[in-house]
Amino acid sequence: MSEPYAIVIAGGGPVGAALALGLRDSSHRVALLESRAVDTVTDDTRVIALSHGSRLILERLGVWQALRDVTPIQTITVSQQRRFGRVELTAAEARVPALGYVASYAALQRTLMSAVTGGGVDVLSGCTAREFNSTADHATVTVDDDGVTRHLLTSLLALADGGESLRLAPMEERDYRQSALVCDVISEAPHENRAFERFTPQGPLALLPTPRGWSLVWTARQARANALAMLDDAQFNAELQAAFGNLLGALRVSGARQLFPLKLKHARRPGAPRVVLIGNAAQSLHPVAGQGFNLGLRDAWELARAVRDAHDPGDPLRINTYFGERRFDRTATILFTDTLIRLFSNDIPLLDRLSSAGISALAAIPPAKNLLVRRMMFGAHG
Ligand SMILES: Cc1cc2nc3c(=O)[nH]c(=O)nc-3n(C[C@H](O)[C@H](O)[C@H](O)COP(=O)(O)OP(=O)(O)OC[C@H]3O[C@@H](n4cnc5c(N)ncnc54)[C@H](O)[C@@H]3O)c2cc1C
């Protein structure tokens with residue numbers, strides 16, 4: 001016997017949970033499946049730089065106030081190792097209260113999930129979607145619920161599993177052959193709500209302000225990232241200081257270092273009737289400009305708006321229209337992120353000179369700088 005739902009969301013990460021929240025007061029029967037048990041404490045140490053646009057969505061979803069330990073970013077400094085070019089973007093220039101906000105992935109996930117469990121959605125935690133099928137009329141999902149197999153029948157299946165477990169159509173994929181090393185860092189100088197992005201030939205290095213000091217996201221080729229992860233603290237501190245410089249005084253790692261291998265993946269087509277991909281299941285990006293979750297949140301928000309009041313939420317025509325409407329934001333954000341990596345993190349001499357000129361030019365041309373700030377804050381619609 002299949003259990004009937006109007007909408008099933010497979011994956012209760014921050015994007016799937018945001019979609020569930022956007023649908024909680026609709027008339028639809030909605031299920032949110034999440035593999036992890038509800039009280040699991042994630043060991044994910046990454047932080048997420050939220051754009052101003054994401055803050056507005058989280059406010060409308062009613063969770064912004066509940067999000068703890070959020071650090072506003074007032075200034076972003078973009079520079080290049082061994083180059084003079086540097087550009088500084090400020091919230092005052094952009095006429096916004098902050099250029100962005102830093103929250104931990106764990107806090108974001110916890111806050112969204114606890115709001116969803118408040119009612120309006122069937123939250124099936126500790127439940128893994130194993131496989132799905134779809135026709136023009138409906139989709140079915142086979143679920144492993146703590147060892148018990150269940151079958152769900154739905155008008156619309158939203159895949160929000162992060163892209164790691166359920167496969168729809170072949171994805172366009174490019175391995176950056178880089179990993180992001182993430183850890184907490186303490187500096188001699190206080191952060192004063194600044195964020196830094198420093199491009200090196202190996203990959204970008206970002207320092208984001210947090211209540212504890214900084215979160216470091218240091219991207220490098222895989223062998224180098226693995227080697228950095230293995231160093232003892234003193235050796236690691238010396239490498240970090242050499243790569244970042246002395247702007248913040250002595251830098252010191254604090255706590256565990258975590259590695260994330262980086263690939264660009266994205267779906268060119270919807271793939272199957274009544275199935276829609278959102279968040280990292282639809283596209284996973286390089287974290288260089290902190291766009292992945294911000295883009296995924298827009299996927300979730302726009303999907304909730306498209307299906308909330310629909311009689312048949314998974315109507316293939318509606319889903320194709322949604323996919324088409326999301327195309328511009330997705331393509332522009334992927335292109336923006338990928339171009340930053342190709343242009344600024346390379347050791348090809350011509351590109352290297354061009355990118356250095358590019359950073360100096362950005363500093364000198366207010367409209368270009370403004371465009372960069374807006375793109376970083378709002379995505380392609382900025
Ligand atoms: C180092 C790093 C730094 C980043 N920094 C930023 C940043 O500053 N700003 C930004 O916007 N983005 C950033 N990102 C990207 C961001 O982390 C992702 O875009 C975001 O986590 C995607 O959320 P999601 O919910 O789509 O997927 P995920 O976060 O991967 O969540 C997927 C969820 O689905 C569950 N799941 C998986 N399979 C199943 C299944 N079969 N059945 C049921 N449940 C399942 C998982 O348990 C998980 O909870 C960064 C990424 C990295 C790696």
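No experiment lies behind these values; they were computed from the predicted model shown. Whatever order the structure lists them in is the order used to number ligands and atoms, beginning at 1.
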Closest approach of any protein heavy atom to atom 27 (O) of ligand 1, naming residue and atom:
G162 CA, 3.6 Å

Test salt bridge (Lys or Arg N to Asp or Glu O under 4.0 Å) applied to K265 and E172, step by step:
CA-CA 5 Å; K265 286 194 281 184; E172 299 275 323; over 6 Å; no

Please classify the S165 to ligand 1 contact at 4.0 Å (heavy-atom distances, strictly less than): side chain, backbone, both or neither.
side chain

Side chains of V288 and F199 in contact at under 4.5 Å (non-hydrogen atoms):
yes

Can you check whether A6's main-chain N or O pairs, donor with acceptor, with T154's side chain at less than 3.5 Å?
yes

Out of all atoms in ligand 1, which are within 4.0 Å of some heavy atom of L33? Include the element for each.
43 (C), 44 (N)

Which of the ligand 1 atoms, numbered from 1, are nearer than 4.0 Å to a heavy atom of R36:
47 (O), 48 (C), 49 (O)

side-chain hydrogen bond (donor to acceptor under 3.5 Å, both in side chains): which pairs involve residues 228-238, sequence neighbours left out?
D233-R257

Counting each atom of ligand 1 from 1 as listed, which ones have a heavy atom of V47 under 4.0 Å away?
5 (N), 8 (O)

Once you restrict to heavy atoms under 4.0 Å, what part of F293 touches ligand 1? Side chain, backbone, both or neither.
both

Of the backbone atoms (N, CA, C, O) and the side-chain heavy atoms from C-beta on, which set of S35 has a member under 4.0 Å from an atom of ligand 1: side chain, backbone, both, or neither?
both

Contact with ligand 1 for P14, non-hydrogen, under 4.0 angstrom
yes

pair L228-L231: side-chain heavy atoms closer than 4.5 Å:
yes

Looking at ligand 1, would L295 count as a contact under a 4.0 Å heavy-atom criterion?
no

Among all protein heavy atoms, pick out the one at the shortest distance from atom 37 (C) of ligand 1; state its residue, atom name and that distance to 0.1 Å.
D161 O, 3.3 Å

Would you say F323 and I9 are hydrophobically clustered, going by side-chain heavy atoms of ILVMFWY under 4.5 Å?
no

Heavy atom of the protein closest to atom 8 (O) of ligand 1 (residue, atom name, distance):
A49 N, 2.7 Å

Numbering as shown, the atoms of ligand 1 that approach G279 to under 4.0 Å (heavy-atom distance):
26 (O)

Show your working on salt bridge (Lys or Arg N to Asp or Glu O under 4.0 Å) between D175 and R177 and close with a plain yes or no.
CA-CA 5 Å; D175 195 338; R177 298 202 172 87; 5.4 Å; no

Regarding ligand 1, does N280 bring an N or O atom to under 3.5 Å of one of the ligand's N or O atoms?
yes

Listed by chain and number, what are the side chain to side chain contact (heavy atoms under 4.5 Å, CB included) partners of Q283, not counting sequence neighbours?
H266, L285, L295, D299, R330, I334

I need the atoms of ligand 1 closer than 4.0 Å to a non-hydrogen atom of F260, numbered in the order shown.
1 (C), 53 (C)

Any idea which atoms of ligand 1 are less than 4.0 Å away from a heavy-atom of P287?
2 (C), 3 (C), 4 (C)

Are W214 and F244, when compared by the centres of their aromatic rings, separated by less than 6.0 Å?
no

Under 3.5 Å between any N/O of G290 and any N/O of ligand 1: does that happen in this structure?
yes

Distance from atom 14 (N) of ligand 1 to nearest protein heavy atom, with residue and atom:
I48 CD1, 4.0 Å

Would you mind telling me if ligand 1 is within reach of the side chain of C127, the backbone, both or neither, using heavy atoms under 4.0 Å?
backbone

For atom 28 (P) of ligand 1, what is the closest protein heavy atom, and at what distance to 0.1 Å?
Y105 OH, 3.6 Å

Please classify the A160 to ligand 1 contact at 4.0 Å (heavy-atom distances, strictly less than): side chain, backbone, both or neither.
backbone

Give the residue and atom name of whichever protein heavy atom lies nearest to atom 33 (C) of ligand 1, and the separation in Å to one decimal.
G13 N, 3.4 Å

Distance from atom 34 (O) of ligand 1 to nearest protein heavy atom, with residue and atom
G11 CA, 3.4 Å

Side chains of V8 and L156: does their closest heavy-atom pair fall under 4.5 Å?
no

Counting only heavy atoms closer than 4.0 Å, does ligand 1 sit against the backbone of V182, its side chain, both, or neither?
side chain

Between N294 and S54, is any side-chain donor less than 3.5 angstrom from a side-chain acceptor?
yes

So if I apply the side-chain hydrogen bond (donor to acceptor under 3.5 Å, both in side chains) rule between R274 and each of D312, T140, D137, which one comes out positive?
D312

May I ask you to identify the nearest protein heavy atom to atom 51 (C) of ligand 1, giving residue, atom name and distance to one decimal place in Å?
R46 NH1, 3.6 Å

Contact check, side chains of V143 and R130, non-hydrogen atoms, under 4.5 Å:
no

In plain terms, say whether R326 and E302 are close enough for a salt bridge, that is, a side-chain N and a carboxylate O under 4.0 Å apart.
no

Less than 4.5 Å apart, side chain to side chain, heavy atoms only: is that true for I278 and L159?
no

Option of least heavy-atom distance to atom 48 (C) of ligand 1 (set: E131, Q283, E34, Q291):
E34

Which of these, T128, V15, V288, L277, has its nearest heavy atom closest to atom 23 (O) of ligand 1?
V15

